[in-house]
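Notes for the one structure printed next.
The analysis underlying the following values was restricted to heavy atoms, covering all of them including side chains, and did not include hydrogens, waters or symmetry mates.
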Amino acid sequence: MSKNIQATPVASISEAARAFVAKPRKMLIDGDWVDAISGKTLSTFDPSNGDAITTVPAAAGADIDAAVRAARRAFQSAEWRNLRPVDRELLLLRLADEIEARGDEFSELECLDNGKSLVLARRVDLKNTVEFLRYIAGWATKIEGSTIDVSLPRPRDGTYFAYTRKEPIGVVGAIIPWNFPLMMAAWKIGPALATGCTIVLKPAEETPLTALLLGELIEKVGYPRGVVNIVTGTGIDAGAPLAAHPGIDKIAFTGSTEVGKLVGKAAMDNMTRASLELGGKSPVIVLEDADPHAVISGAASAIFFNQGQACTAGSRLYVHKRLFDQVIGGIADKAAKMKLGSGLDPATQIAPLISERQRDRVWSYIEAGKAQGARAVAGAARPDNSGYFVEPTVFVDADQKMRIVQEEIFGPVLVAIPFEDVNEVTEMANDSPYGLGASIWSHDLSKIHRLIPRIRAGTVWVNCHNMIDPALPFGGFKQSGIGREMGRAVIDMYTENKSVCMAI
Ligand code: NDP
């Protein structure tokens, strides 16, 4: 039996957000708001009902080329290069203030374009964006090299003075996905601007709106022309030429592992530096002594947060046999009670997925799970609605080889497997091509500390999941990517090391 879905009219968004989508949008190249050279456009859709919202330019190779040239000119301009670190810090702080002041508009546009809950857009996307920009602003004044005592043969009556400088890497190409559009834009633009780089950003074709509003504020706070360029278009027509452009010095990509590999290979042809934040299939490991009530709510939110459209979604749940029935019963019960609806409805707990394509993709995994013998104890029914909804679904009777255990689904689909001992669960948790995140649920400090180093993942949470902080490096082991975002680590991703050796 599928759930009843309430439709909330779009009229409940503010005048400002409505005005933003009331006309076709343009993209930002070299300080000008322009159409694509071809004149072609793309529509963006409201996932709660499939209606078109507005159009954006459909950029292609020539537009990308213009944006990269603008970013190069800006990178070399005295106006940008001579800005003091403290001025770069101040610009980013002002940008954060402006975004915060327009927070309602950003959250509403995100909700409209991505489909996500407005509450989540405010509490997670907007809040993280503002806090991240404030955090990374501080790094602009804290970029340091070191002095090094070298052992070279000394010149007569002389010696050497050697040191390293960290210099901006140059022109950055950034390609981002649709699951946290504003936040992902900030995660790329923030470190680029803090370190003195310039950037060409391509948002996902499904969610270009908040990046374009961000572009308006970037202009408003006074960034020189060409420092930030925002190009809209498809992955094939705009993303691929950006990744392969010989005029960029670094590509920063977030998205699927499949496309990440293409981007990485294209970058390598030009020896372009690349950081890749890719897919995940994060295990949630519940040891025998865990508090089942905390696990039920923690594991449910680990997977159902943002409709499961998070690279760190806790999509594989491994529960000790003693707790398995209680925990799965509790999560299934929660899933069955979750309210599906438009993101604009404050009571909504499961909003639509991003697109028809993504809904069908997730649905094909649900079918594959059933066909391979897994049993759904919640969800797995198709909602009868024009929006892109998928019911929160929980599978049991699964084994490690099934597609629903091995592949990234990127939807509200959980698969649960029981275990008996820690070695067995460690092996299952690591039996994945991915290694982005993992969580351990227990109060046994000794077991937890012994398990953490054995988990092959970029982040391990304990008694929590999906906790992302601007100061904590974030990124993947294995096929979950290369490089780290946030923290001190991200500064290394946007700078080159220069060694200087002077005979004095
Ligand atoms: P993609 O990896 O295709 O998209 C991410 C970004 O890459 C988008 O801006 C996209 O543009 C762009 N892109 C697509 N093809 C190319 C290309 N050949 N060269 C350069 N850039 C390109 O993710 P999808 O949106 O297709 O989602 C598919 C699956 O990927 C999801 O089901 C999920 O499993 C995974 N995914 C993982 C994410 C993560 O954070 N780990 C985020 C998003 C998706 P455009 O949108 O215009 O195609």
Side-chain angles (χ1 to χ4, degrees), residues 257 278-290 292 294-296 298-300 302-304 308 310-332 365-366 368-378 393-444 446-466 476-481:
T257 294
L278 310 177
K281 191 74 187 174
S282 301
V284 173
I285 302 165
V286 182
L287 301 186
E288 188 174 6
D289 71 292
V295 171
I296 289 167
I303 180 65
F304 300 137
C311 46
T312 49
S315 50
R316 292 184 290 149
L317 177 61
Y318 297 106
V319 188
H320 190 275
K321 272 190 175 151
R322 196 179 68 79
L323 299 178
F324 190 81
D325 289 345
Q326 185 185 0
V327 166
I328 304 313
I331 295 173
Y365 277 107
I366 293 175
K370 289 181 192 167
Q372 290 190 305
R375 180 169 56 92
V377 291
T393 297
V394 181
F395 276 113
V396 293
D397 298 346
D399 69 59
Q400 278 296 120
K401 290 195 175 52
M402 288 182 181
R403 288 184 59 208
I404 55 170
V405 178
Q406 287 296 327
E407 297 177 25
E408 182 177 48
I409 299 176
F410 229 62
V413 181
L414 177 66
V415 52
I417 296 180
F419 69 88
E420 254 181 312
D421 79 47
V422 173
N423 288 332
E424 180 193 7
V425 76
T426 306
E427 208 171 291
M428 289 195 289
N430 287 334
D431 173 26
S432 166
Y434 298 111
L436 194 56
S439 61
I440 301 170
W441 297 74
S442 168
H443 291 288
D444 184 329
S446 165
K447 274 192 183 150
I448 294 167
H449 281 294
R450 275 183 274 135
L451 188 49
I452 290 168
R454 299 178 68 192
I455 301 295
R456 302 270 299 147
T459 299
V460 176
W461 293 286
V462 178
N463 296 319
C464 59
H465 196 104
N466 278 338
F477 282 25
K478 302 195 273 184
Q479 297 207 18
S480 288

Residue pair V286, L317: steps toward the side chain to side chain contact (heavy atoms under 4.5 Å, CB included) verdict: CA-CA 8 Å; V286 182; L317 177 61; 3.9 Å; yes
Working for side chain to side chain contact (heavy atoms under 4.5 Å, CB included), residues V394 and F304: CA-CA 10 Å; V394 181; F304 300 137; 4.2 Å; yes
Side chain to side chain contact (heavy atoms under 4.5 Å, CB included) evaluation trace for I417 with R316: CA-CA 8 Å; I417 296 180; R316 292 184 290 149; over 6 Å; no
Step-by-step side chain to side chain contact (heavy atoms under 4.5 Å, CB included) determination, N466 to W461: CA-CA 8 Å; N466 278 338; W461 293 286; 4.3 Å; yes
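Using modelled atom types, one side-chain atom of E408 and one backbone atom of G280 make a donor-acceptor pair closer than 3.5 Å. In this structure, the side chain of R456 does not engage the main chain of F477 through any donor-acceptor pair within 3.5 Å. Listed for the Q400 side chain is no donor-acceptor partner under 3.5 Å among the backbone atoms of Q406. Checked by atom type and distance alone, the side chain of K478 pairs as donor or acceptor with a backbone atom of S432 at under 3.5 Å. Panel note: side chain Q372, backbone R403; a donor-acceptor pair is recorded below 3.5 Å. Judged by distance alone, with hydrogens and angles left aside, the side-chain atoms of D289 form a donor-acceptor pair with the main-chain N or O of H443 at under 3.5 Å. Under a 3.5 Å cut-off, the side chain of R375 and the backbone N or O of D397 do not form any donor-acceptor pair.
Atom CD1 of residue I440 and atom OG1 of residue T426 lie 8.5 Å apart, to the nearest 0.5 angstrom. Separating the OH atom in Y434 from the OG1 atom in T257 is a distance of 4.5 Å, to the nearest 0.5 Å. Within the model, atoms CG of D444 and CG of L451 stand 10.5 Å from one another, a figure rounded to the nearest 0.5 Å. To the nearest 0.5 Å, the span separating OG1 on T393 from NZ on K370 amounts to 8.5 Å. In this structure, L414 CG and I328 CD1 are separated by 6.5 Å, a value rounded to the nearest 0.5 Å. In this structure, NZ on K447 lies 14.0 Å from CD1 on I452, to the nearest 0.5 angstrom.
Across L323 and P292, no two heavy atoms sit closer than the pair CD2-CG, 4.4 Å. Of all heavy-atom pairs spanning R454 and N430, the tightest one is O-ND2, 2.8 Å. Of all heavy-atom pairs spanning G279 and S480, the tightest one is O-OG, 2.7 Å. Here the closest heavy-atom approach between residue H465 and residue T312 is recorded as NE2-O, 2.8 Å. Annotation for A374 and F395: closest pair CB-CD2, 3.7 Å, computed over non-hydrogen atoms. In this structure, M428 and Y318 approach most closely via the heavy-atom pair O-OH, 3.5 Å.
Residues passing the salt bridge (Lys or Arg N to Asp or Glu O under 4.0 Å) test with E420, sequence neighbours excluded: K321.
A donor-acceptor contact closer than 3.5 angstrom links the side chains of Y365 and E407. A donor-acceptor contact closer than 3.5 angstrom links the side chains of W441 and S439.
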